[in-house]
Every structure is written in structure tokens, then in C-alpha cells.
Protein chains: 2
Amino acid sequence: MVNVFEEYLRPQVQLTAEEWTRLQALSSAQHLRKRQFLLHAGQVWQSYAFVCRGCLRQYTIDAKGVEHMLKFSIENWWAGDRESLVTGQPSRQYIDALEDTDVLLFPKVDFDQFAREVPAFHAFIDGLLGRTYLASQRRVQTAISADAETKYREFVQTYPQLALRVPLRMIASYLGLSAETLSRIRGLNTK
Amino acid sequence: MVNVFEEYLRPQVQLTAEEWTRLQALSSAQHLRKRQFLLHAGQVWQSYAFVCRGCLRQYTIDAKGVEHMLKFSIENWWAGDRESLVTGQPSRQYIDALEDTDVLLFPKVDFDQFAREVPAFHAFIDGLLGRTYLASQRRVQTAISADAETKYREFVQTYPQLALRVPLRMIASYLGLSAETLSRIRGLNTK
DNA sequence: AAAACACCTTGACATAAGTCAAGCTTATTA
DNA sequence: TAATAAGCTTGACTTATGTCAAGGTGTTTT
């Protein structure tokens, strides 16, 4: 399981053998069965989570009981509620597994400490955060300007791996559409 | 003009007199008349821009010629197209002034260099980016889950300064609504 | 001080997308 | 392997929001 992380990280950051060992020692593996929760609203999120295998969904539930998908995380992605992580406040989000999933958890304190002491790693995390932010901005732009069909097309183009793997009604929710609307749109595209 | 920046930064980062002088020396002031452009689609954006006075809008124009507001920046806010800054690719965005505006420009190369050499400043920029990213995530969440009225209410609550200062049709665009819809919503709230 | 413009509002109508409900497959679970 | 649940699709209907058009203020501009 650490192997997956190693293969992910090695091409991106130059770490000494010692640093690598130390980083690895910070992590703890966790296995999630399908439908099992990694985070529940009300809990404080205090880690960085790296997905080695499987698929997670991150979502909120509104006053009417409707779920709103915020993010999906498959192999080589990071997951977690950054807001809770940064503020220390209880999360309003849920994270659970759409498939049996293996996760590496890095406690915030240790992880940040490590980043502070290893500039190359720090730079890598900064870059990651920057790219994630850009992706978020693009999502905003699509959300405010595109019609339903365009939203779906862009999603498939951006995340082809997810389009095949995640239930449609969750993709619909991610895009701010009803499941029925998304189903009809797909009907059109197929024909 | 540098005073505004100093008052903004001093409470947030501890810089030595020398560092402060050096940072200041990197900046160049620019004055924009109302409606004047700071960035035009096709140009590469290569700076960090700090607004000392006035108000900027940042937007795209789609294939139909419709503008979509991405961001407004008033005093003590940063502006710029991060995507173009990071990738070095020509921007697809426009930035122009809604009022006469004073801006401090920090060339990317120098700014990044300074951040690398002054850890406290680096940490400050990281924190800023992190908060901006959180704001973007919240905007996504509202965009996919809220109705028109809620979007507007949250906007007013989050940015009361902007609600008074920016033309309604631009706020409507920022929220992904038509100007007419926003106007009707406001009619309801007032009564 | 006109003239031209930018901005907001309102009405009438159009339409994209949502809701509710049923039926049909394909996975899970007992 | 029967039973249950999850997921997708389709139809009929509703609704929120968009579009088009006109009129009214208030602001720039000449």
C-alpha cells in the first residue's frame, strides 16, 4: 500500500532515503469497506488522506436531506475536508467509500512539520494546492456559465476515469443537476 | 499608495526593515481609470496585483459574447489570473476597473524569489492561497446546491462591501443568474 | 444643458431543468 | 437462489429561471 504512494511521489519529489523513511513512518494505513465512512459531519478532520486503491466520495447533506457531491477521490488522489483541517472546527462534510478502499493517513501536525523541514516536499505540496485551486476555479466557471449538457461533457473530458466508475446520480449531484436530467442528456449523446 | 499595502501587510507578517524595503522596491504602482484594462484575453499574466484603492472586475467572455464575472477585487485584495501566471499560457480572462483604481504590481519572478528567501512571507502567501481556495470551494458548493435567492443572500452576507458597490448585473453574472432574476429577487427582499 | 449612456425594474412569454412516479436491470444480501 | 436494494431510464407535468422588450432614473459626456 505504501508502494502506491511511493510510485506516486518519487517522480515528483526528490527525497533522501532517510526523509522517505521518515515520511512513511508518519502514515497509517486504513482500509474502508464499501459504504464505510472516513469522515462524518460533526467530526474534526485532522489528517491528509491519500487514496491508494478504491474510490471515495465527499459530500454535504442539506436541510432537506439532499446530498451534494463535492469531490470524488480515486487512486493517487488526496481527500479530506480542508476547511475543518485548517480551522479546527467540526466538519459539515461526509466522506465515505464507493468501493472497498485503501487510504494512507498522515496526521496534520506531523505532515506539516515534515513539510516545514523538507523544502522540496513543501514546494510539492504548494504546487498541488495551487493546481487544486485552479481546478476549483474552473469548476466555478463552468457552474455559473454552462448549460447541463456542457457541464456533463466537460466532466467526462476532465475526469474520464470517474465518468465510468461513479454512479450517475452522484455525478449529477456533483454538477448541480438532477439525476433525471443527466440521464436524458446521456441519452442524446449516445444516439 | 505603498502605505495601504504596508498597513495591510504589517499586522500579518513580521518583516525586518531591510526586507520591507526590498519588497517595496519590487513593486510598481499603476493607476487605472474607470473602464481601463489591467489584463486582456490573449496576454500572459505575470504579476501579483494588490489593489490599494478602487475596484476591479475579472471575467471571461464566452462564444456568444456574454461576460461571466469571476471575481471582484477592492482595496486590500489581490487580483490576477493565476492560471496564466502558473502555466505561462495566454489568459482567457479580462480584468478592468469599475472605478478609478490604484494597483501595486509585483513581478512574479521577483515576488516568488522574495517568498523563497523570507519564510515568514512565504507562509503568509501560503495561508492566503489556502483561504482563497476555501472561498472557491464554498462558491462551488453554493453554485451547485442553492436557488437564486439563497445565492444572492449568501453573496450579500459574504461580501457586503461588494453588494453596495458593484452593478447588479455583474453580481448576477457572478452568481450565474440573469440580471432580471436578480432584480426580482431583490424586489421581494425589500418588501 | 442636451444628448447619450449605464443601470435597474417590470411585464409577457419561452424554456431548461426539476419533480414525481413507474418500470426495468443489475448488484447485493439473506 | 430468492429477495431486496441500487441504479438507470422514460413519461407526464410543474416550476424556476431565462429572454425579449419597454420605460424610468440617474450619470457621464460633449
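Computed from heavy atoms alone, side chains included, the values below leave out hydrogens, waters and symmetry copies. Letters A, B, ... are given to chains in the order of the sequence lines, protein chains preceding strands, and every chain is numbered from 1.
- Between the NE2 atom of H68(A) and the P atom of dG18(C) there is a distance of 12 Å, given to the nearest Å.
- An end-to-end axis angle of 60° holds for the helix from dA1(C)-dT30(D) to dA30(C)-dT1(D), taken from five base pairs per end and rounded to 10°.
- Between M69(A) atom CE and dG7(D) atom P the separation is 10 Å, expressed in whole Å.
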Donor-acceptor list for residues 114-123 of chain A side chains, cut-off 3.5 Å, not counting sequence neighbours:
unit_1: R116(A); atom_1: NH1; unit_2: Q113(A); atom_2: OE1; d: 2.9
unit_1: E117(A); atom_1: OE1; unit_2: R22(A); atom_2: NH1; d: 2.9
unit_1: E117(A); atom_1: OE1; unit_2: R22(A); atom_2: NH2; d: 2.9
unit_1: E117(A); atom_1: OE2; unit_2: Q113(A); atom_2: NE2; d: 2.1
unit_1: H122(A); atom_1: NE2; unit_2: D126(B); atom_2: OD2; d: 3.1

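- Among the nucleotides dT9(C), dC8(D), dG18(D), the one closest to the side chain of R186(A) is dC8(D).
- Checked by atom type and distance alone, the side chain of T21(B) pairs as donor or acceptor with a backbone atom of A17(B) at under 3.5 Å.
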key: Test ring pair (Phe, Tyr, Trp, His ring centres under 6.0 Å) applied to F111(A) and F50(A), step by step   = CA-CA 12 Å; F111(A) 191 88; F50(A) 179 83; over 10 Å; no
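- With rounding to whole Å, I185(A) atom CD1 is found 14 Å from dT9(D) atom C1'.
- One atom, CZ of R165(A), and another, C1' of dA6(D), lie 18 Å apart when rounded to the nearest Å.
- Note: CG (D147(A)) to C1' (dG18(C)) measures 15 Å, nearest angstrom.
- The residue among L182(B) and A146(A) whose nearest nucleotide of DNA chain C is located toward the 5' end is L182(B).
- Listed by residue number, P167(A), L168(A), R169(A) are the residues of residues 167-176 of chain A with a heavy-atom contact under 4.0 Å to DNA chain D.
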key: Nucleotide-resolved protein contact map, nucleotides 19-30 of chain C, B/S/- at heavy-atom distance under 4.0 Å   = BBB------SS-
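- The aromatic rings of F106(B) and F5(B) are tilted relative to each other, their planes meeting at an angle between 30° and 60°.
- Atoms CZ (R57(A)) and C1' (dG7(D)) sit 13 Å apart, rounded to a whole Å.
- Taking the centre and axis of the six-membered ring of Y159(A), the NZ or CZ atom of R165(A) falls outside the cone set by 45° and 6.0 Å.
- In summary, R57(B) and D96(B) engage in a salt bridge, as defined by a charged side-chain N under 4.0 Å from a carboxylate O.
- Proximity of Y133(B) to Q137(B): side-chain heavy atoms (C-beta onward) are separated by under 4.5 Å at one or more points.
- For the pair D100(B) CG and dT28(D) P, the interatomic distance rounds to 10 Å; values are reported in whole Å.
- Every residue was checked against the side-chain hydrogen bond (donor to acceptor under 3.5 Å, both in side chains) condition with D100(A), not counting sequence neighbours, and none meets it.
- Between the C1' atom of dT15(D) and the CD atom of E149(B) lies a distance of 15 Å, rounded to the nearest Å.
- Partner R53(A) forms a side chain to side chain contact (heavy atoms under 4.5 Å, CB included) with one of V4(A), D102(A), T101(A) and no other, that one being D102(A).
- Partners of E83(B) under the side-chain contact (heavy atoms from CB on, under 4.5 Å) rule, at least two apart in sequence or in another chain, are L134(A), R138(A), D81(B), T87(B), R92(B).
- Linking Ile, Leu, Val, Met, Phe, Trp and Tyr residues whenever their side-chain heavy atoms come within less than 4.5 Å places L23(A) and V103(A) in a single cluster.
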